[in-house]
Colleague: 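Got a structure for you, questions after.
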Amino acid sequence: MPVDLSINYPAASRLINRRQLIGLTGELLRKCRVAEYTVSLHLVNDEEIRSLNRTYRQKDSATNVLSFPFGEGADSSLASLPVKELGDIVISLDTARRESVEYCQTFQHRLNWLIIHGLLHLLGYDHERSRKDEKIMQAMELDLLAFLKIYRRTPMPHLAINVDHVATIRQARGTIEPDPVTAAALCELAGASGIVVHLREDRRHIQDRDVLLLRQTIKTRLNLEMGANREIIQFALDLQPDMVTLVPEKREELTTEGGLDIVGQKKKIGQTVKKMRSASIPVSIFIDPDFEQIHAAGDIGATFIEIHTGKYCDAASDTARNQEYQLIAAAAEEANRIGLRVNAGHGLNYQNTAPIAALATIDELSIGHAIISRAVFTGIDQAVREMLEIIRNAQF
Ligand code: PXP
C-alpha cells in the first residue's frame, strides 16, 4: 500500500475518514509522479508534534506539520534510496483544527493542505530556503489543491430547517396557529441558515399564503421543495425563491418516500430545470445516493443534488447503517467530482446527524421533523441550537 496511515489520537480517530485520506494521499503521489513510493502519514496531537519538533529541530513548540524524508542526510536524490519509501509526514490534528478556524476553512480542507505541504517537503521543496523557493512551493500547493477539487469552503454544513410540520399542527385544527412563518423567524434567530417548505399539490400543510409571507420575511434563504407539476412550477417562477428542490410527490404518501427518478423522466425534469435556470433560480434535485441519478442530474444542469438520507436513518442494524453511510459518502464525492453541490436530508435527527455533518462534501443539511418534534418540549430556539451544536462538533 503506498500510504501508511497511523492515527495516534484516539479522540479524533473516529472522526477521520481513513479511506478518503488514504485515497487522497495516493492521488497526490500519482499526480507528483511518485506513485511507486510509500509515504507514512501520522496524525498526532500537539504534545507529540512538540516533542518531535524539540528533538529533531530544536524548537520547543507545537507546529502544524513536520516532514522526515527517508534517508535524510545520506543522498538527497530519490533514485538512490535503497527502498521505495519517501518518508514520514506528521500532522498535529490539534493545530490543524485551530488553523481551520483561523483561516475559516473546513477541517478537511486544512488537513488536505497540510498533507500537500508535508509531501512537497518530502519531495525536496523548501519554502524556507529562499523567496524564490517559497514561491515555487506555493504554486505547487495551489496546483495540487486545485487537482484535489477541495469541496465545501465553509467550516461546517449549513442547517436549513423545514417548517412543514408546524403547518401540519395548524392544519389539524384549521386555525391560524402555530404559524410556520413565525417558526421560520425563530429558527433564523437561533442560527439556521435557511428555511425549507414543501408546497404540496394537495396543500396538506404549507399554504400559498405561508410561502408568499416567507418570501417577504425571511432573512436567510428560502428553499421551495416542489413536485415538477405545471401549477407549482408557475408558482415558483412567480415567487422567485432562493432555490427550489425537486422532489417526487405522491398524494397518498405520509412524507416524501424516495428520491426522484431523473433517469426515468430526464426530459420532463430537464425541462423544469431549464425553466428555473432561465429565471435564475438554482435547482436542487432530491435523489437516492445512486451514481446514475447523480450523472443524470449533472447532465440536465442541476446546481445541487440533495442526497436522500432516509435509508441511512432507518437502517435496522449498525452494519446496514454503515453500508448506507458509505454509499452517501461515495455519492457525495462523485457529485462534487462532476461539479455538483451537495445537500442531504430526510430522517436526520439528534442521534444520526453527526456522521453526515462530518462529510466535507456536504454543503447543507435539510432537517424538519426531528427539530420541530423537539421544539414541542424545549422550544424552537433550543431545539435549533442543539442541532447546530451537533453539526459544529462533528467538524472534529
Ligand atoms: N429533504 C426533503 C427533500 C424532504 O422531502 C424532507 C421532508 O419534508 C426533508 C428533507 C426533511 O426531512 P425530515 O422532516 O425527516 O427531517
Side-chain angles (χ1 to χ4, degrees), residues 157-169 171 180 183-184 187 192-206 210-211 214 221-229 232 236 241-262 269 272 282-290 293 297 302-315 324 328 331-332 335 341-354 356-357 362-376 380 383-384 386-388 390-391:
H158 295 295
L159 172 62
I161 300 185
N162 181 315
V163 293
D164 291 354
H165 292 296
V166 177
T168 302
I169 302 174
Q171 296 311 109
C187 288
S193 312
I195 301 298
V196 188
V197 283
H198 184 174
L199 186 65
R200 282 183 168 267
E201 219 181 324
D202 63 11
R203 307 296 199 270
R204 68 170 73 160
H205 40 51
I206 291 293
D210 302 331
V211 192
L214 284 169
R221 283 153 41 86
L222 176 62
N223 178 353
L224 180 68
E225 254 183 53
M226 52 181 270
N229 77 61
I232 306 277
D242 297 295
M243 66 186 284
V244 295
T245 298
L246 300 179
V247 297
E249 195 176 300
K250 290 193 221 125
R251 276 188 180 258
E252 64 278 14
E253 69 192 354
L254 272 178
T255 179
T256 314
E257 278 166 2
L260 194 61
D261 175 19
I262 309 175
I269 308 294
T272 308
V283 180
S284 176
I285 309 183
F286 185 56
I287 54 173
D288 293 325
D290 175 314
Q293 298 291 351
T303 304
F304 293 84
I305 55 162
E306 180 178 329
I307 298 182
H308 190 331
T309 49
K311 280 193 184 153
Y312 158 81
C313 297
D314 296 340
E324 290 301 327
I328 291 170
R341 296 174 67 185
V342 182
N343 300 336
H346 212 287
L348 294 174
N349 62 29
Y350 293 83
Q351 287 73 43
N352 61 26
T353 294
I356 302 290
I362 306 261
D363 263 49
E364 183 167 284
L365 301 174
S366 170
I367 307 182
H369 189 259
I371 293 177
I372 303 305
S373 301
R374 183 169 288 214
V376 170
I380 204 158
V384 172
E386 284 173 10
M387 184 57 83
L388 279 169
I390 287 173
I391 297 172

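As the structure lists them, so they are numbered: ligands from 1, and atoms in each ligand from 1.
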Colleague: Could you tell me whether a side-chain N or O of T168 sits under 3.5 Å from a main-chain N or O of H205, the two making a donor and an acceptor?
Modeller: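 No, because the side chain of T168 does not come within donor-acceptor range (under 3.5 Å) of the backbone of H205.
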Colleague: Give the atoms of ligand 1, by number and element, whose distance to some non-hydrogen atom of N162 is under 4.0 Å.
Modeller: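 Counting from 1, the qualifying ligand atoms are 8 (O).
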Colleague: Once you restrict to heavy atoms under 4.0 Å, what part of H308 touches ligand 1? Side chain, backbone, both or neither.
Modeller: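 No part of H308 comes within reach of ligand 1.
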Colleague: For H165, check ring pair (Phe, Tyr, Trp, His ring centres under 6.0 Å) against everything at least two apart and list the hits.
Modeller: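 In terms of ring pair (Phe, Tyr, Trp, His ring centres under 6.0 Å), with neighbours along the sequence ignored, H165 is linked to H369.
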Colleague: Go through the structure and list residues passing side chain to side chain donor-acceptor pair (under 3.5 Å) with D314, not counting sequence neighbours.
Modeller: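 Counting only residues at least two positions away or on another chain, D314 forms no side chain to side chain donor-acceptor pair (under 3.5 Å).
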Colleague: Using a 4.0 Å cut-off to any heavy atom of H369, which atoms of ligand 1 qualify?
Modeller: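 Listed by number with element, the hits are 13 (P), 14 (O), 16 (O).
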Colleague: Do A370 and ligand 1 have an N or O pair less than 3.5 Å apart?
Modeller: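 No - when backbone and side-chain N and O of A370 are compared with those of ligand 1, no distance drops under 3.5 Å.
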Colleague: Go through it in stages, so that I can follow the logic: the residues are H308 and D290, the test is side chain to side chain contact (heavy atoms under 4.5 Å, CB included), and I'd like the CA-CA distance, side-chain angles, deciding distance and then a yes or no.
Modeller: CA-CA 10 Å; H308 190 331; D290 175 314; over 6 Å; no
Colleague: Hey, which atoms in ligand 1 end up nearer than 4.0 Å to a heavy atom of V247?
Modeller: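 Heavy-atom distances to V247 below 4.0 Å select 3 (C).
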Colleague: Side-chain contact test, heavy atoms from C-beta onward, threshold under 4.5 Å: evaluate it for E249 versus H198 and give yes or no.
Modeller: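 Yes; the side chains approach each other to less than 4.5 Å.
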Colleague: With the side chain counted from C-beta on, respond yes when I367 and I161 share a heavy-atom pair under 4.5 Å apart, and no when they do not.
Modeller: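 No, side chains not in contact.
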Colleague: So, does G347 sit close enough to ligand 1 that a heavy atom of it is under 4.0 Å from the ligand?
Modeller: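 Yes; G347 lies near enough to ligand 1 that a heavy-atom distance drops under 4.0 Å.
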Colleague: Show me which atoms of ligand 1 lie under 4.0 Å from any heavy atom of E306.
Modeller: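 Per the distance check, 1 (N), 2 (C), 3 (C), 10 (C).
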Colleague: Answer with side chain, backbone, both or neither: which part of H198 has a heavy atom less than 4.0 angstrom from an atom of ligand 1?
Modeller: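 No part of H198 is near ligand 1 at this cut-off.
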